[in-house]
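What's counted below: heavy atoms across the whole structure, side chains too, no hydrogens, waters or symmetry copies. Computed from a predicted model, the values in this text were never measured in an experiment.
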Amino acid sequence: ESDVRSLSLTKVKKENRGALGSVLGSVAIHRGGDMRGNLVMQGYPLSRMELLGPLAKKLEGSVSGVARLGGKLSAFDIDADVNLTPVRIMGSAFGGSDLHLAMTQKPPNQKVVGKTPCGAPIGAPFDKETYLKDTSSQGEYRVSGALFGGQVRLDDVVATRQKAPVITGKVSLDRFDLGPIGKILTANEDPNAPPSTPLGGEITGEIALDEIATSDLAHARVRFSPKTLRVNRGGQKIELRDKDAVFALADDTITIPKVTFDIAAPNGLKGAFAVNGNVKKVTRGGDLGLEAELSPIDLGILVGVVPKMTRAVGTLSGSVKVAGNPSEPDLDGRLKVRGGEFGIKGLPGGITDVEVDVEADENEVRITRAVGHFLGGDVSMNAHMPLKGGQLGVARATVTGRQLYIAPVEGVRATLDADLEVSLNPNAPSAQGRLPFVGGEIAITQFEYTRPVTIDLTGFKGGAKRTIVES
């Protein structure tokens, strides 16, 4: 038997500047392998835990707790209550945490080959080959409790103790603040770098870990049921409208039900879009099959957003399909404007009955049809802009106008036809080179001048002077 009535461990700063944390405890082992013990940990700094590896240096906070040991040496169990102070991770603050931990060890399936003089069983010699081949669970880790001030709750999250653990359980999010996460994701170690726009928002929902076998992630089963999902950055906001949607991962496929998100921007832009589809082959690079549809947006919000626009009427709607490899996806997008009417300060008239159709894929954006009425006549346009590796190419457009009526001043009227070619190079090295280039023909089909004409005949005597020729 062994009876350690008291033990203590202390983590000490360098240069003997005092203790940083301590562990106190006692343990007793009796005949037959019965074990009883207690451990108390107080104020142990997270930054000094070598178990956390390089992450430890980025943590500020400490952990305390009480652990109870029981069972037998060959089939023990550990039950612990752990408290973490509020912590800072890479400078981002998180609330405190309280967890209940449990660890169990199953009794070995050992063959008895004899007994000791006192009657205790003698097991067979250790078989290394059998041990290496054994992939069965030797016990479990169980975790329950609250993290980060109650924003995250773990409900009986279990991980089996084997070479390829299997994880099950439930994780609940209660108004989980995305602000600290956003700071970590946008952190820049360069002190001279400009500050990044902070990311914020919150999530409320439940994550059901039905089964995650670490040796077979392709068949993991997870469900996410969000009740609230809001992300904002720089005044822009996107928020989930649906409250009963379930996002599911099963058979190496993420299934996204049709859900609607509301969007808003500081300039007054408001709208909504719906998304649905799936992502197959998640563990093998991914195979996208997603669709998104933009609900009609009232173009009246453009007034005050677009410079010099004094009137805007109509709707903007669209859709996009994304398929294939996520690194080089195939795109099929469409936008359309219907019932458009626009007034722009400086133009001689408004543009009415506007209809625009835009198509886009991974190689090019095209305006396939754009028509409207302007100055009493008809205008139309088609255009295209190449896309190369995410970079915009030179945009080219053809603009046609027919029977455009102009009256620049009273008494002067004309009707024009125009056939113009417009090009724009957004990648030109100079500001002048990035200006649009306009060329083409403008024909005056009709001209009328009715302003009064005054002829001054003062000093005009009439007749011709006699010509004298000397010879």
Do [X] and [Y] come close enough that some side-chain heavy atom pair is under 4.5 Å?
| X | Y | answer |
| --- | --- | --- |
| Phe148 | Pro180 | no |
| Leu178 | Val231 | yes |
| Asn278 | Ile254 | no |
| Asp251 | His219 | yes |
| Thr400 | Val379 | no |
| Phe94 | Ile181 | yes |
| Ile207 | Val222 | yes |
| Gln42 | Ser22 | yes |

Any Lys/Arg nitrogen of [X] or [Y] sitting under 4.0 Å from an Asp/Glu carboxylate oxygen of the other?
| X | Y | answer |
| --- | --- | --- |
| Asp156 | Lys170 | no |
| Arg223 | Asp210 | yes |
| Arg241 | Asp262 | yes |
| Lys280 | Asp287 | no |
| Arg284 | Asp252 | yes |

[Y] backbone acceptor or donor facing [X] side chain under 3.5 Å:
| X | Y | result |
| --- | --- | --- |
| Asp361 | Asn363 | yes |
| Ser62 | Tyr44 | no |
| Asn276 | Val259 | no |
| Ser47 | Glu60 | no |
| Glu362 | Leu331 | yes |
| Gln236 | Pro266 | no |
| Arg434 | Ala428 | yes |

[Y] versus [X], side-chain donor and acceptor atoms under 3.5 Å:
| X | Y | answer |
| --- | --- | --- |
| Glu421 | Thr398 | yes |
| Gln432 | Ser430 | no |
| Asp77 | Thr104 | no |

**OP:** Give the C-alpha distance, both sets of side-chain angles, the deciding distance and a yes or no for side chain to side chain contact (heavy atoms under 4.5 Å, CB included) between Asp155 and Val171.
**Re:** CA-CA 6 Å; Asp155 185 2; Val171 180; over 6 Å; no

Original post:
With a distance cut-off below 6.0 Å to the six-membered ring centre and an angular limit of 45° from the axis, does Arg161 pair with Tyr141 as a cation-pi contact?
Top reply: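 Yes, a cation-pi geometry holds between Arg161 and Tyr141.
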
For the [atom1] atom of [X] and the [atom2] atom of [Y], what is their distance to the nearest 0.5 Å?
| X | Y | atom1 | atom2 | value |
| --- | --- | --- | --- | --- |
| Asp216 | Glu211 | CG | CD | 8.5 Å |
| Lys58 | Ile184 | NZ | CD1 | 9.5 Å |
| Leu392 | Met385 | CG | CE | 5.0 Å |
| Leu335 | Ile367 | CG | CD1 | 10.0 Å |
| Leu99 | Leu154 | CG | CG | 6.5 Å |
| Arg36 | Lys72 | CZ | NZ | 8.5 Å |

Original post:
Passes side chain to side chain contact (heavy atoms under 4.5 Å, CB included), Phe342 versus Met309? Steps please.
Top reply: CA-CA 7 Å; Phe342 305 99; Met309 183 167 286; 4.0 Å; yes

**OP:** For side chain to side chain contact (heavy atoms under 4.5 Å, CB included), just list the numbers for Glu206 and Phe224, CA-CA rounded to whole Å, side-chain angles, deciding distance to a tenth of an Å, and then say yes or no.
**Re:** CA-CA 6 Å; Glu206 182 178 288; Phe224 175 42; over 6 Å; no

For atom [atom1] of [X], is the number of surrounding heavy atoms from other residues, nucleotides or ligands below 6.0 Å larger than 12?
| X | atom1 | value |
| --- | --- | --- |
| Lys281 | NZ | no |
| Asn427 | CG | yes |
| Arg175 | CZ | no |
| Arg338 | CZ | yes |

Subject >> Pairs meeting criterion side-chain hydrogen bond (donor to acceptor under 3.5 Å, both in side chains) with involvement of residues 93-102, two or more places apart >> reply: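 Output for this query lists Asp79-His100, Asp81-His100, Asn83-Asp98.
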
Subject >> Pairs satisfying side-chain hydrogen bond (donor to acceptor under 3.5 Å, both in side chains), at least one member in residues 292-307, at least two apart >> reply: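 Every pair satisfying side-chain hydrogen bond (donor to acceptor under 3.5 Å, both in side chains) with a residue in residues 292-307: there are none.
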
Closest heavy-atom pair and its distance - [X], [Y]:
| X | Y | result |
| --- | --- | --- |
| Gly150 | Asp174 | O-CB, 4.0 Å |
| Val279 | Gly286 | CG1-CA, 4.5 Å |
| Arg142 | Val158 | NH1-CG2, 3.2 Å |
| Leu424 | Leu435 | CD1-C, 4.0 Å |
| Ala146 | Arg153 | CB-NH1, 3.5 Å |
| Pro326 | Leu288 | CA-CD1, 3.8 Å |

Original post:
Do the ring planes of Phe273 and Phe261 sit parallel (below 30°), tilted (30 to 60°) or perpendicular (above 60°)?
Top reply: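 Plane angle under 30°, so parallel.
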
Subject >> Residue pair Glu359, Arg334: steps toward the side chain to side chain contact (heavy atoms under 4.5 Å, CB included) verdict >> reply: CA-CA 5 Å; Glu359 297 180 358; Arg334 301 174 189 276; 2.8 Å; yes

